[in-house]
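Below is one structure, written out as structure tokens; comments come after it.
In the text below, chain A, chain B and the rest are named by the order of the sequence lines, each starting its count at 1. If you're wondering where the values come from, they're calculated on a predicted model, not measured in any experiment.
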Amino acid sequence: MNNLLVLPFLIPFAVGAILILFSKHIGLQRFLSGLTAMLMLGVAIYLLSVVRTEGVVVLEVGSWSAPFGIVLVADLFAAIMVLMSAIVGLLCLFFAFRTIAPEREKFYFYPFYFFLLTGVNGAFLTGDIFNLFVFFEVMLISSYVLIVMGGTNYQLRESLKYVVMNIFASILFIATMAFTYAVTGTLNMAQLAERVAELEQVGVLNVIAMFYFIVFGMKGALFPLYFWLPRSYYGPPAAVAALFGGLLTKVGIYAIIRTFTLIFPHNQEFTQPILIWVGAITIVIGGLGAVSNFDFKRILSYHIVSQVGYMVIGLGLYTSLAIAAAIYYIVHNIIVKTALFLYAGTAQRITGTTDLKQMGGLLKTHPLLGWMFFITGIAIAGIPPFSGFVSKLSLVVSSFETEQYAVGGIALAVGMLTLFSMIKIFMYVFWGEQKHTKAQGKTKVGDLLLPAIPLVILTTVLGVAAQPILSFFLEASNQLLDPSIYIDSVLKGGGA
Amino acid sequence: MKRQVRASNLMLHSITRVVTFILLAFSIYLFFAGHNSPGGGFIGGLMTASALLLMYLGFDMKRIKKALPFNFTTMIAVGLLVALFTGVSSMLFGYPFLTQFFDYYDLPVLGNTELSTALPFDLGIYLVVVAIALTIILAIAEDDS
């Protein structure tokens, strides 16, 4: 028993509720939320260190013992994800201080920001699949509010699709849980894993596994259910788009990895090709979308789709290195994607547009922005020494090791497309004739870039210190590949 | 509101006065019936919200706002915090989050009664449900004008 586990979602929840009371005091809201985000980062680091030294940490909420009550479980993978959400949450919040309009701030921006983090962290930590649904809903409902807030025409149109799409996914999710319960008689993930193993994952259990894949794939923007993402992430302000782009799809991917390593890993002949090929098609489609678009934010959104595919391929290959590569990819992508969206917001602040064809010559007036974008852009394209290189390399190596040459080839080829679209942004936005006015050229963006600097440092560190970090992720992936660690700590060791 | 004609509807007025009390009493019964038998904060809160809504329908909005001078948004926050604090309070004594405790006491009027920490938790839920239901419906109603 360790109450530490509730803190990552209890703190933002409590602070979100308190912030409702002070909705008209912007200064106080900013102060409180900034402090909270820093506290959450501290808690996340502490949680990771505890999990590292003590192994899987379990909390039986309300003293109801597993499998009857709800358990919270933190293994290394979950703790890493909580840490990532704390980092992104903190940096996007500081970006929001500078960019969010006061009308939005008065209209409960900060409470919903923290409720969103509540849902995200809860989804990472829960050990009960129904509870996972509940935290998904907390996250989604807050995201509906954040995405529609401001209420421009475009936002309303696109968020309607976003809402309809996600409600449909939620209905499917809850129906799938009903099937799961009917077949296995439990919703506790550890016990579910045990029972699925006993029933040998055939027939109806494969159907259920695929239903989960579809549900989480919708949230994670996998082919063919990605179409809502590029459009709906275009509408909201940069701070929100960065938070969504960095974090939200990864929650879906986290859930896929969790269910397919813990509960449904027993029928690899059936699941492996599906995971790998859905992932491969996703990266191709996302890459093509990024190449064909001429808008800063849209290109980035298509990249999210593309990169999500790599993570699913990593899971599909199902070797220790491949899953470590998938975790590496998630971490790398959260950092880099958030940074890129922050640059998009900054460039939009300067030029007033995100259309590549109406931008140009930013490198002359804002060199820092230009070079930070350059570093992050080549990091995402997978050029050494940055984090994208290591994650892509280990993924390609493990695809060759498992003799999935076609998939490895696709991953490499689409890497070229990613590089191409990043260079396209760089050429249009930063090179060429200056298309913004002189007054716009004098816009000071130093304080806007400040939140992105830690991200640039992180991507460099992740790339340069690849050896220790990869071995740490290998530790996490070995924990995922041996579900008995998770199951035993929930069902046997939890009551202590 | 456009339909203030209703404010002079005698039938509705008289019925509202009686039915509101029945609804409120029933909602309190439901609230206390909670957590061991059907009832609890959620359903009690909905019932209370429906009673208040009936008052809004029967009389005009200004008058009810004077009679019930609550800020419902604040009420949501307070409700959330009450529920949350109940969960946290068990942590302060070293038990897992949301652990509940109960015991039986001899209270003056009620006799032997079960008092449990689930009650303040339910109270929080009750406040949130009442406040959210009214916030949503009033927002739609005010939009009309």
Around [X], counting heavy atoms of other residues, nucleotides and ligands shown, do more than 12 lie under 6.0 Å from its [atom1]?
X	atom1	answer
A/Tyr154	OH	yes
A/Lys161	NZ	yes
B/Phe101	CZ	yes
A/Phe97	CZ	yes
A/Tyr144	OH	yes

### Task
With the side chain counted from C-beta on, respond yes when B/Pro96 and A/Leu59 share a heavy-atom pair under 4.5 Å apart, and no when they do not.
yes
### Query
Are the side chains of A/Tyr108 and B/Thr73 in touch, meaning some heavy atoms are under 4.5 Å apart?
yes
### Query
Stepwise, does the side chain to side chain contact (heavy atoms under 4.5 Å, CB included) test hold for A/Trp64 with B/Gln100?
CA-CA 10 Å; A/Trp64 297 99; B/Gln100 63 150 336; 4.2 Å; yes
### Task
Look at A/Val61, A/Leu5, A/Leu72 and state which one has the largest set of heavy-atom pairs under 4.5 Å with chain B.
A/Val61
### Task
Counting only heavy atoms closer than 4.5 Å, note whether A/Val6 contacts chain B via side chain, backbone, both or neither.
side chain
### Query
Looking only at heavy atoms, which of residues 10-42 of chain A get nearer than 4.5 Å to chain B?
A/Leu10, A/Phe13, A/Ala14, A/Ala17, A/Ile18, A/Ile20, A/Leu21
### Query
So, the side chain of A/Asn3 versus the backbone of B/Gly94: is there a donor-acceptor pair under 3.5 Å, distance only?
no
#### Entry: Residue part contacting chain A, namely of B/Thr74, when any heavy atom lies under 4.5 Å
both
